[in-house]
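Worksheet: the structure to be examined is printed underneath.
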Amino acid sequence: MVRTLCSYCGVGCGLEAVPQANGTYKMRGDRAHPSSLGLVCVKGATILESLGVNRLTQPQWRQKLTDEFQMITWEQALDILVKQLAWVRQKYGGDAICFYGSGQLQTEDYYVAQKLAKGCLGTNNFDTNSRMCMSSAVAAYQASLGSDGPPCCYEDLELTDCAFLIGTNTAACHPIVFNRLRQHHKRNPQVKLIVVDPRCTATAEVADLHLAIAPGTDIDLLHGIGHLLWQSDSIDQAFIHHHTQGFTDYVQVIQHYIPERVAQRCGITIDQLQQAAQWWGESKRVLSLWSMGINQSAEGTAKARSLMDLHLLTGQIGRPGCGPFSLTGQPNAMGGRETGGLAHLLPGYRQIENPQHRGEIEHFWGLPPGSIASKSGRSMWEMITGLEQNQVHCLWIVATNPLVSMPDLTRVQAALRRSPFTVVQDAYAPTETTEYAHLLLPAAQWGEKTGTMTNSERRVTLCPQFLPPPGTARGDWEIFAEVGRRLGFTAQFNFTSAAEVFAEFVQLTQGRGCDYSGLSHERLAQLGPITWPCPLGTDDTEAVNVKRLYLDKKFATPDGKARFAAIASQGLAEPPDGDFPFVLTTGRYYGHWHTQTRTGRIAKIQKMHPEPRLEIHPQDAYKLAITTGDWVRVISRRGQVRVKATVGEQMRLGTVFLPMHWGALWGEQMAANNLTHPQSCPVSRQPELKACAVRIEPEPADGF
Ligand SMILES: Nc1nc2c(c(=O)[nH]1)N[C@H]1C(S)=C(S)[C@@H](COP(=O)(O)OP(=O)(O)OC[C@H]3O[C@@H](n4cnc5c(=O)[nH]c(N)nc54)[C@H](O)[C@@H]3O)O[C@H]1N2
Ligand SMILES: Nc1nc2c(c(=O)[nH]1)N[C@H]1C(S)=C(S)[C@@H](COP(=O)(O)OP(=O)(O)OC[C@H]3O[C@@H](n4cnc5c(=O)[nH]c(N)nc54)[C@H](O)[C@@H]3O)O[C@H]1N2
Ligand code: SF4
Ligand SMILES: [Mo]
């Protein structure tokens, strides 16, 4: 039996792969895994079915996008790639090379990629889909608490007396977190569950209070709650005095958020607002959970910081059962942050633009001073604009499917068509993105390679290989290391196992907030999953598994005090108007995973969600003469989608919803991102994937 981790969502449930008599494996929940206690959802339960179909098994190459792919050997593929990298670097400089990665890479993959890109190739253009996912949370933790790193743990789900869920459909997207919280809520009738979401989701359905706010009005709501807490003196003066800075400026802002105005802007009643504030004020332990409804916004960092403000105002942090807790989307987006997997980061929560941090890393990597470029690299969208302006000459895409998941797909398609050289390193083919590649590299995925992943509660789990990779597929870190050696950096990339890679990475975290230095593959195999911080020398019994950060109320800022943010609300980047009167919001279904490369061919899941539907309120549908099952056309300033409608009260008036899971391979004009725009949060550079203005037209069934 092999103990491992589910490689879908950031809950990070433990799995056991049990060998069967016929040589196959069966998956079941691992009861010994502290994060999930044996529970799994439909995705974890069917994970093995995702591994066999549509795999990319051999490198392929073509000179032009209009040519057919030719099968080639690894030797030929590496030769083409290394020559191209060396040539581009020499002719245009490192900045013309971009890597676009994913929170689905393992820690070892991430680390070797950082060393290759930022260290050896001298380009900080290594960004990932986490830019569209967690970067607002990262920026908010840094600014408010002094460092990235969620301060809470899953045990807090069972200790809270008021759970405040904002911009998260936890029941569908983090099912086992939701399951734990829901059990606690059911068993303890005094425990309050507040859900803030424009839609009445499966999560909102079981809430004691559902605040169906207008999209983009979160800051109004949060400041409105802050205002009421401050007015009624339900604040923790001692905590504010000893452990925070910026309270006066915060009050300057929230004093204007009077209940009448807030209720009107958010589209809720004053009673609902007061109820939320009252429960927050009365509760001893308020735990807030959030994900994309907060992060994917042109004011995403300000939204997340305004939520943290409420925790600082009431001293609801640094104790069991309370705190601001971001739910990480992908299985190893956390490991990605800790290895420096965004364009402004270096390993160990270091910053590119800090000369001391660069120096430390250069020295450790055995590279001359100045090897790491001094400016942050291109964010995900700046890679697209770089292609548009002929500044990007090599784009290497790994473990992500941007031709479905990025905003404004028409523009992304046009940019990729101009790309002189695009490498796609993926486990599957075809995907919407392989259609735009010159070179395809087959990657071994979870179960076919050994590595570690870190979940939302900072728990690191070893995922050992137990299956052979298909065809000639190789582990991602092995591919990066081989390229590094061929570029002449033999000493830097002489790793012979994932355990060696991990052992090197953890040294760079020693003494840092995210201290992994007491961890090794061996220790994880022996003791099972362990949370960070785990400094070198931590003994096996007590200190291993630190559950919460900031219990001493010393934050990671220079003076140890947390920072209030005092930021006024702005609202949506593209508000509805006469031509585009609806707000489209986008998100996920329970069964499917992102762009369906993994879940799209699993019969059970297909049956659950056979097609995308536009969800619309009955009154809006009535005006447009639409009933459930009718075809509709959804049109934004950038593109169109043609899908069937589902009419239902779960939607707010004036807001419609589309899932993000369907790309061009499933049919023409199905992708939600044909409609979305790339306007982003100025701090986190995360795009507002949760809202754009659209109009809706009924469509004859035979269409087009
Ligand atoms: N089944 C499934 N689970 C997944 C994934 C998957 O693909 N499928 N992906 C994983 C990943 S990477 C991620 S990032 C997470 C995402 O997890 P979630 O963030 O929970 O999922 P979403 O459906 O994207 O969006 C959450 C909710 O935000 C609401 N929302 C929209 N606009 C606003 C707003 O202005 N304010 C507020 N308060 N709410 C708003 C939407 O109505 C939606 O219900 O899920 C992870 N888990
Ligand atoms: N409109 C809208 N758009 C969104 C969102 C939204 O809510 N609304 N959410 C955004 C968010 S939060 C996210 S996280 C992104 C997700 O978007 P993507 O990252 O594009 O989605 P995935 O389908 O998970 O793509 C992962 C790819 O990696 C491949 N893969 C799997 N395992 C491995 C491996 O081990 N190695 C390699 N090399 N490849 C592997 C898979 O085959 C697949 O092609 O979408 C973003 N886009
Ligand atoms: S909740 Fe997430 S980690 Fe757990 S089984 Fe489901 S998809 Fe996997
Ligand atoms: Mo995500």
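When a ligand or atom number is given, it counts from 1 through the structure's own listing order.
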request  = Report the nearest protein non-hydrogen atom to atom 35 (O) of ligand 1: residue, atom name, distance rounded to 0.1 Å.
outcome  = G216 N, 2.8 Å

inquiry  = Is it true that N332 and Q106 share a donor-acceptor pair across their side chains at a distance under 3.5 Å?
reply    = no

request  = With heavy atoms of H174 as the reference, note each atom of ligand 1 found under 4.0 Å away.
outcome  = 15 (C), 17 (O), 45 (O)

request  = Walk me through it: do Q413 and M406 pass the test side-chain contact (heavy atoms from CB on, under 4.5 Å)?
outcome  = CA-CA 10 Å; Q413 286 158 355; M406 276 193 184; over 6 Å; no

Side-chain donor-acceptor contact under 3.5 Å, S35 with N455 = yes

note = atom 17 (O) of ligand 2 has as its nearest protein heavy atom S405 CB, 3.1 Å

request  = Specify side chain, backbone, both or neither for T595, according to which of its non-hydrogen atoms lie closer than 4.0 Å to ligand 2.
outcome  = both

request  = Around atom 44 (O) of ligand 2, find the nearest protein heavy atom and jot down its residue, atom name and distance.
outcome  = D426 OD2, 2.6 Å

remark   = Looking only at non-hydrogen atoms, the one of A204, G293, C173 nearest atom 21 (O) of ligand 1 is C173

inquiry  = I need the nearest protein heavy-atom contact for atom 25 (O) of ligand 1: residue, atom name and distance, please.
reply    = K690 CE, 3.1 Å

remark   = Note: ligand 1 atoms sitting under 4.0 Å from heavy atoms of T201 are 44 (O)

note = The option among T217, N169, V196 carrying the non-hydrogen atom nearest to atom 26 (C) of ligand 1 is N169

message = Between T328 and S456, do the side chains contain a donor N or O and an acceptor N or O under 3.5 Å apart?
response = yes

request  = Identify the protein heavy atom lying closest to atom 24 (O) of ligand 2, giving its residue, its atom name and the separation to 0.1 Å.
outcome  = Q104 NE2, 2.7 Å

query = Among all protein non-hydrogen atoms, which one is nearest to atom 43 (C) of ligand 1, and what is the separation to 0.1 Å?
reply = D197 OD2, 3.3 Å

ask   = In terms of side-chain heavy atoms, does R613 have a donor or acceptor partner in T646 at a distance below 3.5 Å?
value = yes

message = With the threshold set at under 4.0 angstrom, would you say K303 reaches ligand 1 through any of its heavy atoms?
response = yes

note = H592 heavy atoms within 4.0 Å reach ligand 1 at atoms 1 (N), 2 (C), 6 (C), 7 (O), 8 (N)

message = What protein heavy atom lies closest to atom 13 (C) of ligand 2? Include the residue and the distance to one decimal.
response = R588 NH2, 3.7 Å

request  = Assess the pair F164 and W280: is the distance between their ring centroids shorter than 6.0 Å?
outcome  = yes

inquiry  = Looking only at side-chain N and O atoms, does N401 offer a donor or acceptor that is under 3.5 Å from a partner on T595?
reply    = yes

ask   = Does at least one non-hydrogen atom of M406 fall below 4.0 angstrom from an atom of ligand 2?
value = no

query = At a 4.0 Å threshold, what atoms of ligand 1 neighbour a non-hydrogen atom of T585?
reply = 31 (C), 32 (N)

Neighbouring protein N, O or S atoms of atom 8 (Fe) of ligand 3 [cut-off: under 2.8 Å, no waters] = C6 SG

ask   = If we only count N/O pairs under 3.5 Å, is A172 in contact with ligand 1?
value = yes

key: Identity and separation of the nearest protein heavy atom to atom 6 (C) of ligand 2   = Q296 NE2, 3.6 Å

inquiry  = Ring centres under 6.0 Å, that's the criterion: do F502 and W477 meet it?
reply    = no

message = With heavy-atom distances below 4.0 Å as the criterion, list the atoms of ligand 1 near M292.
response = 14 (S), 16 (C), 19 (O), 24 (O)

query = Out of D218, V583, L307, whose heavy atom is nearest to atom 38 (N) of ligand 1?
reply = D218

message = Heavy atoms only, cut-off 4.0 Å: how does Q106 contact ligand 2, side chain, backbone, both, or neither?
response = neither

remark   = Counting from 1 in the order shown, the ligand 2 atoms closer than 4.0 Å to a non-hydrogen atom of A443 are 36 (N), 37 (C), 38 (N)

task = Give the atoms of ligand 2, by number and element, whose distance to some non-hydrogen atom of N129 is under 4.0 Å.
result = 19 (O)

ask   = Considering only protein heavy atoms, which is closest to atom 34 (C) of ligand 2, and at what distance to one decimal place?
value = D476 OD2, 3.6 Å

query = What is the nearest protein non-hydrogen atom to atom 18 (P) of ligand 1, stated with its residue, atom name and distance?
reply = S291 OG, 3.4 Å

ask   = Got the closest protein heavy atom to atom 11 (C) of ligand 1, with its distance?
value = G329 CA, 3.3 Å

ask   = Going by the atom numbers of ligand 1, which of them fall below 4.0 Å from some non-hydrogen atom of C9?
value = 47 (N)

request  = Give the residue, atom name and distance (to 0.1 Å) of the protein heavy atom nearest atom 1 (N) of ligand 2.
outcome  = N673 OD1, 2.7 Å

Throw together a table of side-chain donor-acceptor distances under 3.5 angstrom for residues 195-203, partners on residues two or more places apart or in other chains.
unit_1, atom_1, unit_2, atom_2, d
D197, OD1, R199, N, 2.8
T201, OG1, T203, N, 3.3
T201, OG1, A204, N, 3.1
T203, OG1, N169, OD1, 2.6
T203, OG1, T170, N, 3.1
T203, OG1, A171, N, 2.9

query = In ligand 1, which numbered atoms sit nearer than 4.0 Å to a non-hydrogen atom of Y589?
reply = 1 (N), 2 (C), 8 (N)

message = Only heavy atoms of Y590, strictly under 4.0 Å: list the atoms of ligand 1 that pass.
response = 1 (N)

request  = Indicate, as side chain, backbone, both or neither, the part of A333 found under 4.0 angstrom from ligand 2 when only non-hydrogen atoms are considered.
outcome  = neither

task = Determine, for W74 and R474, whether the Lys NZ or Arg CZ falls below 6.0 Å from the six-membered ring centre while staying within 45 degrees of the axis.
result = yes

query = Taking the side chain as C-beta and beyond, is there a heavy-atom pair between Y8 and S50 under 4.5 Å?
reply = yes

request  = Examine the side chains of Q679 and E688 and answer whether a donor and an acceptor come within less than 3.5 Å of each other.
outcome  = no

ask   = Any chance the side chains of T461 and H33 put a donor and an acceptor closer than 3.5 Å?
value = yes

query = Has ligand 1 got any nitrogen or oxygen that is less than 3.5 angstrom from a nitrogen or oxygen of G587?
reply = no

message = If you take the nearest heavy atom of each of A212, A214, P198, which one is closest to atom 39 (N) of ligand 1?
response = P198

ask   = Hey, do the aromatic rings of W593 and Y428 have their centres closer than 6.0 Å?
value = no

note = Q330 heavy atoms within 4.0 Å reach ligand 2 at atoms 14 (S)

remark   = So for H661 against ligand 1, with non-hydrogen atoms under 4.0 Å, the contacting part is side chain

Closest approach of any protein heavy atom to atom 12 (S) of ligand 1, naming residue and atom = H594 NE2, 3.0 Å

note = closest protein heavy atom to atom 31 (C) of ligand 2 is Q445 OE1, 4.0 Å

query = What atoms of ligand 2 come closer than 4.0 angstrom to any heavy atom of W593?
reply = 24 (O)

note = Note: ligand 2 atoms sitting under 4.0 Å from heavy atoms of C133 are 12 (S), 14 (S)

